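Here it is: the structure, laid out below.
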Amino acid sequence: MTVPVSADRDHIQGPDGAPVTLVEYGDYECPYCGAAYPVLKEAQAQMGDGLRFVFRNFPITTSHPHAEKAAEAAEAASVQGHFWEMHDHLYEHQQQLTGEHLHAHAQVLGLDLERFDQDLADNVYAPRVREDFMSGVRSGVNGTPTFFINGVRYDGSPDLDSLLAAVRSAT
């Protein structure tokens, strides 16, 4: 992975001092990312403070027309202190990623809707999403989800047993 994790720019769950950092390059409209979502939640639950999880946007717009705007919605929620809530909500409602749906998701999360809608209309977070995407390209990401464990690309199965085994062997 060519772009190191930074608390200043990345979305991070888990302690800075965790022995293992798992980075996902993901796409909110990708069915494989959707399938990996509960696996990642369970891995986090089992690893506890031993795992730091980082999410980076990698919308594949050629096959997922709503992915980029969904990523921008997550970034807009982040500025209001609700990135992870929006991240989870988007994966839990993957078939609902149109503009109207994104507005409804923001409403459910209690965001400032006027600001959220304006940020999306103005593409305020498109550069941030593009920055994540380009960091993935530089790191050799060519599909989603792509994982890095302590900076090394993980090409194994995204099922719970395989992913946990890889994470645990990295400690």
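The residues of the chain are indexed from 1 along the displayed sequence. Bear in mind that the values here come from a model prediction, so they are computed numbers and not experimental data.
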Original post:
Can you tell me how far the CG atom of Leu111 sits from the CG atom of Leu102, to the nearest 0.5 Å?
Top reply: 11.0 Å
Original post:
Should the pair Phe55 and Trp84 be assigned to parallel (<30°), tilted (30 to 60°) or perpendicular (>60°) ring geometry?
Top reply: perpendicular
Original post:
Out of curiosity, does Val54 fall in the hydrophobic cluster containing Val137 (side-chain heavy atoms, cut-off under 4.5 Å, transitive links)?
Top reply: yes
**OP:** State plainly whether one hydrophobic cluster holds both Phe147 and Leu164, where clusters connect Ile, Leu, Val, Met, Phe, Trp and Tyr through side-chain heavy atoms under 4.5 angstrom apart.
**Re:**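 Yes, Phe147 and Leu164 fall within the same hydrophobic cluster.
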Subject >> Full working for side chain to side chain donor-acceptor pair (under 3.5 Å) between Ser135 and Tyr25 >> reply: CA-CA 9 Å; Ser135 80; Tyr25 281 92; 2.9 Å; yes
**OP:** Compare every heavy atom of Tyr125 with every heavy atom of Ala76, then report the nearest pair and how far apart it is.
**Re:** CA-CE1, 3.5 Å
Subject >> Transitive ILVMFWY side-chain link Ile12 to Leu51, under 4.5 Å >> reply: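 Not linked; separate clusters.
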Original post:
Can you name the nearest heavy-atom pair linking Ile60 to Asp27, along with the distance?
Top reply: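 Heavy atoms of Ile60 and Asp27 come nearest at N-OD2, 2.8 Å.
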Subject >> Sidechain-backbone polar pair: Ser139 side chain, Val141 backbone, donor-acceptor under 3.5 Å >> reply: no
Original post:
Which atom names give the shortest non-hydrogen contact between Glu29 and Ala67, and what distance separates them?
Top reply: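 Nearest pair, atom of Glu29 first, then Ala67: OE1-N, 3.1 Å.
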**OP:** Of all the heavy-atom pairs spanning Val39 and Leu163, show the shortest one and how long it is.
**Re:**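 For Val39 versus Leu163, the nearest heavy atoms are CG1-CD2, 4.1 Å.
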Original post:
So, does Arg115 use its side chain to make a donor-acceptor pair with the main chain of Gln80 at under 3.5 Å?
Top reply: no
Subject >> Non-hydrogen side-chain atoms of Glu92 and Tyr37 separated by less than 4.5 Å >> reply: yes
Original post:
Does a donor on one side chain and an acceptor on the other come within less than 3.5 Å for His11 and Glu75?
Top reply: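 Indeed, the side chains of His11 and Glu75 share at least one donor-acceptor pair under 3.5 Å.
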Original post:
Would you say Phe58 and Tyr28 are hydrophobically clustered, going by side-chain heavy atoms of ILVMFWY under 4.5 Å?
Top reply: no
Original post:
Among Met86, Gln107, His82, which one satisfies side-chain contact (heavy atoms from CB on, under 4.5 Å) with Phe116?
Top reply: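 Checked Met86, Gln107, His82 against Phe116; only one passes side-chain contact (heavy atoms from CB on, under 4.5 Å): Met86.
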Subject >> Any Lys69 side-chain heavy atom under 4.5 Å of Asn123 side chain >> reply: yes
Subject >> Under 3.5 Å side-chain donor-acceptor pair for Gln118 and Glu114 >> reply: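 Glu114 and Gln118 do not have a side-chain donor-acceptor pair below 3.5 Å.
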Original post:
Heavy atoms, side chains only, cut-off 4.5 Å: are Lys41 and Gln44 in contact?
Top reply: yes
**OP:** Might you point out which heavy atoms bring Val129 and Pro59 nearest each other, and give the distance in Å?
**Re:** CG1-CG, 3.6 Å
Original post:
Does the side chain of Arg9 come within less than 4.5 Å of Asp132's, by heavy atoms?
Top reply: yes
**OP:** State plainly whether one hydrophobic cluster holds both Tyr32 and Leu160, where clusters connect Ile, Leu, Val, Met, Phe, Trp and Tyr through side-chain heavy atoms under 4.5 angstrom apart.
**Re:**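 No.
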Original post:
Within the distance-only criterion (no hydrogens, no angle test), does the side chain of Asn150 pair as donor or acceptor with the backbone N or O of Pro19 below 3.5 angstrom?
Top reply: yes
Original post:
If we only count heavy atoms from C-beta on, is the Arg168 to Val20 side-chain gap below 4.5 Å?
Top reply: no
Original post:
Are Glu131 and Arg128 close enough for a salt bridge, meaning some N to O gap below 4.0 Å?
Top reply: no
Original post:
Would you say the side chain of Leu40 lies within less than 4.5 Å of the side chain of Phe53, judging by non-hydrogen atoms?
Top reply: yes
**OP:** Hey, could you give me the CD1/CD distance between Ile149 and Glu24, rounded to the nearest 0.5 Å?
**Re:** 12.0 Å
Original post:
Within the distance-only criterion (no hydrogens, no angle test), does the side chain of Asp159 pair as donor or acceptor with the backbone N or O of Asp161 below 3.5 angstrom?
Top reply: yes
**OP:** Take His101 and His93 through the test ring pair (Phe, Tyr, Trp, His ring centres under 6.0 Å) and record every step on the way to the result.
**Re:** CA-CA 9 Å; His101 289 127; His93 300 88; 9.2 Å; no
Subject >> Closest contact, heavy atoms only, Ser162 versus Ser157 >> reply: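 Heavy atoms only, the tightest pair is CB-O, 3.5 Å.
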Original post:
Can you find a heavy atom in the side chain of Leu97 that is under 4.5 Å from one in the side chain of His64?
Top reply: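 Counting from C-beta outward, Leu97 and His64 never come under 4.5 Å.
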**OP:** If the plane angle is over 60° it's perpendicular, under 30° parallel, otherwise tilted; pick one for His87 and Tyr91.
**Re:**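 It falls in the perpendicular class, over 60°.
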Subject >> From OG1 (Thr146) to CZ (Arg153), nearest 0.5 Å >> reply: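 These two atoms lie 4.5 Å from each other.
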Subject >> Test item: Val3 and Arg56 side chains (from C-beta on) under 4.5 Å apart, heavy atoms >> reply: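 The answer is yes, as the side chains (C-beta and beyond) meet within the 4.5 Å cut-off.
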